[in-house]
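So the structure is just underneath, and the comments pick up after that.
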Amino acid sequence: MKNKNITRKISQGVYVLTTNGGGCIVDAVSQISSGDNPLIAVAVMKKNYTNSLLQKNNKLALSVLGVENSGEIINTFGMKSMKDYDKFKDIDYTEIDGVPIINDSLGYMICEIVDKIENETHTLFITKLIEGDLFKDKEAMTYQYYQENKEDLLKVTTEKGKTAWICTMCGYIYYGDEIPDDFKCPICGVGKEYFKLKDN
């Protein structure tokens with residue numbers, strides 16, 4: 001592939017997906033039908049803990065992030081796992097229909113899972129919109145905006161005295177003098193060529 005970054009030109013937003021027991025950041029979200037209860041497709045990485053939660057829950061929520069949102073929400077839901085960290089402990093949220101909603105967002109969509117399509121790396125959840133609200137009619141954060149402002153949004157802080165490599169796709173930090181050739185980012189799955197050495 002000559003340049004994988006062409007996919008950044010696909011128009012898509014940045015969302016906090018939440019369900020009973022956890023949540024994560026997603027960007028592969030698309031409305032695929034119209035009507036009173038349109039279908040919404042959401043792709044979630046299989047190795048993401050939230051995916052395992054969605055396999056046993058029948059509802060999810062998508063809180064829409066705006067360009068005015070701080071990077072704290074992205075850091076919390078994108079760089080940590082509910083397996084070892086309570087993502088909700090410092091986040092202002094409300095529970096609606098049994099699903100957490102991020103209060104500091106443009107609004108939310110509550111969706112019922114109606115089908116699943118599995119591939120090698122992701123599950124595509126086909127959902128039906130059953131409830132939603134718009135809190136603020138402001139500019140939504142796009143994936144392109146996130147990529148262009150990632151350093152400011154994530155404000156990556158590394159441990160002093162350690163050699164740190166930063167994933168340029170998601171912000172994951174790898175510590176070590178060199179990255180193994182076969183290393184894959186545990187958050188977004190990209191190879192070592194997407195990591196850059198953090199300047200000290």
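Any value given below was found using the heavy atoms of this structure, including those in side chains, with hydrogens, waters and symmetry copies removed. The shown structure was predicted, so the numbers you read here are calculated from the model rather than taken from an experiment.
- Contact of the Val190 side chain with the Cys167 side chain is registered, since non-hydrogen atoms from C-beta on lie closer than 4.5 Å.
- Remark: the backbone N or O of Thr121 is paired with a side-chain donor or acceptor of Asn119 at under 3.5 angstrom.
- Put simply, CG on Asn51 and CZ on Phe125 are 4.5 Å apart, with the number rounded to the nearest 0.5 Å.
- The heavy-atom pair separating Tyr49 from Ser52 by the smallest distance is O-OG, 2.6 Å.
- Nearest approach of Ala43 to Leu124, heavy atoms of both residues: N-CD1, 4.0 Å.
- Phe195 and Tyr174 have perpendicular rings, their planes meeting at more than 60° on a 0 to 90° scale where under 30° would count as parallel.
- Taking CG from Leu54 and SG from Cys24, the interatomic distance works out to 7.5 Å, rounded to the nearest 0.5 Å.
- Salt bridge status for Glu118 with Lys46: present, with a side-chain N to carboxylate O gap under 4.0 Å.
- A donor-acceptor contact shorter than 3.5 Å is absent between the side chain of Thr50 and the backbone of Gly22.
- Taking a 6.0 Å sphere around CG of Asn37, one finds it holds more than 12 heavy atoms contributed by other residues, nucleotides or ligands.
- Between Asp181 and Lys192, the shortest heavy-atom distance links the atoms OD1-NZ, 3.0 Å.
- Formation of a donor-acceptor pair under 3.5 Å by the Trp165 side chain with backbone atoms of Ile173 is not found in this model.
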message = Please evaluate residues Met109 and Val64 with respect to the criterion side chain to side chain contact (heavy atoms under 4.5 Å, CB included), reporting the C-alpha separation (whole Å), side-chain torsions for both, the decisive distance (0.1 Å), and the verdict.
response = CA-CA 8 Å; Met109 294 171 272; Val64 184; 3.9 Å; yes

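- Take Phe88 and apply the side chain to side chain contact (heavy atoms under 4.5 Å, CB included) test, not counting sequence neighbours, and it matches Thr18, Phe77, Met82, Asp86, Tyr93, Pro100.
- Of all heavy-atom pairs spanning Val99 and Ala61, the tightest one is CG1-CB, 3.4 Å.
- A donor-acceptor contact shorter than 3.5 Å is absent between the side chain of Asn69 and the backbone of Leu65.
- With values rounded to the nearest 0.5 angstrom, Lys128 atom NZ is found 5.0 Å from Glu112 atom CD.
- Every residue two or more places apart in sequence or in another chain that forms a side-chain hydrogen bond (donor to acceptor under 3.5 Å, both in side chains) with Glu68 is listed here: Lys138.
- Without hydrogens or angle criteria, Ser105 side chain to Ile102 main chain gives a donor-acceptor distance under 3.5 Å.
- Of all non-hydrogen atoms in Ser34 and Gln31, the two that sit nearest each other are CA-NE2, 4.1 Å.
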inquiry  = Could you walk me through whether Leu17 and Val44 satisfy the side chain to side chain contact (heavy atoms under 4.5 Å, CB included) test, starting with their C-alpha distance in whole Å, then the side-chain angles of each, then the deciding distance to 0.1 Å, before giving a yes or no?
reply    = CA-CA 9 Å; Leu17 182 156; Val44 182; 3.9 Å; yes

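- Note that the CG atom of Asp133 and the CD1 atom of Ile101 stand 10.0 Å from one another [nearest 0.5 Å].
- Taking all atoms of both residues into account, the shortest heavy-atom contact from Ile25 to Gly78 is CG1-N, 3.6 Å.
- Residues Ile110 and Val114 do not share a hydrophobic cluster, defined by chaining ILVMFWY side chains whose heavy atoms lie under 4.5 Å apart.
- In this structure the side chain of Val26 reaches within 4.5 angstrom of the side chain of Val42, judged on heavy atoms.
- Residues Tyr15 and Tyr143 do not share a hydrophobic cluster, defined by chaining ILVMFWY side chains whose heavy atoms lie under 4.5 Å apart.
- Hydrophobic clustering (side-chain heavy atoms under 4.5 Å, transitive across Ile, Leu, Val, Met, Phe, Trp, Tyr) keeps Ile117 apart from Ile113.
- In this structure the side chain of Val16 never reaches within 4.5 angstrom of the side chain of Leu62, judged on heavy atoms.
- For the side-chain contact (heavy atoms from CB on, under 4.5 Å) test with Ile40, the passing option among Ile32, Leu60, Ile126, Thr127 is Thr127; the others fail.
- Residues forming a side-chain hydrogen bond (donor to acceptor under 3.5 Å, both in side chains) with Lys116 (at least two apart in sequence, or on another chain): Gln55.
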query = After noting the C-alpha distance and the side-chain angles of Leu197 and Thr163, does the key distance pass the side chain to side chain contact (heavy atoms under 4.5 Å, CB included) rule?
reply = CA-CA 8 Å; Leu197 185 63; Thr163 302; 3.6 Å; yes

message = Between Tyr145 and Glu139, is the side chain to side chain contact (heavy atoms under 4.5 Å, CB included) condition met? List the steps.
response = CA-CA 11 Å; Tyr145 177 91; Glu139 185 180 356; 5.6 Å; no

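- To the nearest 0.5 angstrom, Asn20 atom CG is 10.5 Å from Lys59 atom NZ.
- Residues Glu131 and Asp97 form a side-chain contact, since some pair of their non-hydrogen atoms from C-beta on lies under 4.5 Å apart.
- Within 6.0 Å of the CG atom in Asp177, the count of heavy atoms belonging to other residues, nucleotides or ligands does not exceed 12.
- Rounded to the nearest 0.5 angstrom, Leu106 CG and Asp137 CG are separated by 8.5 Å.
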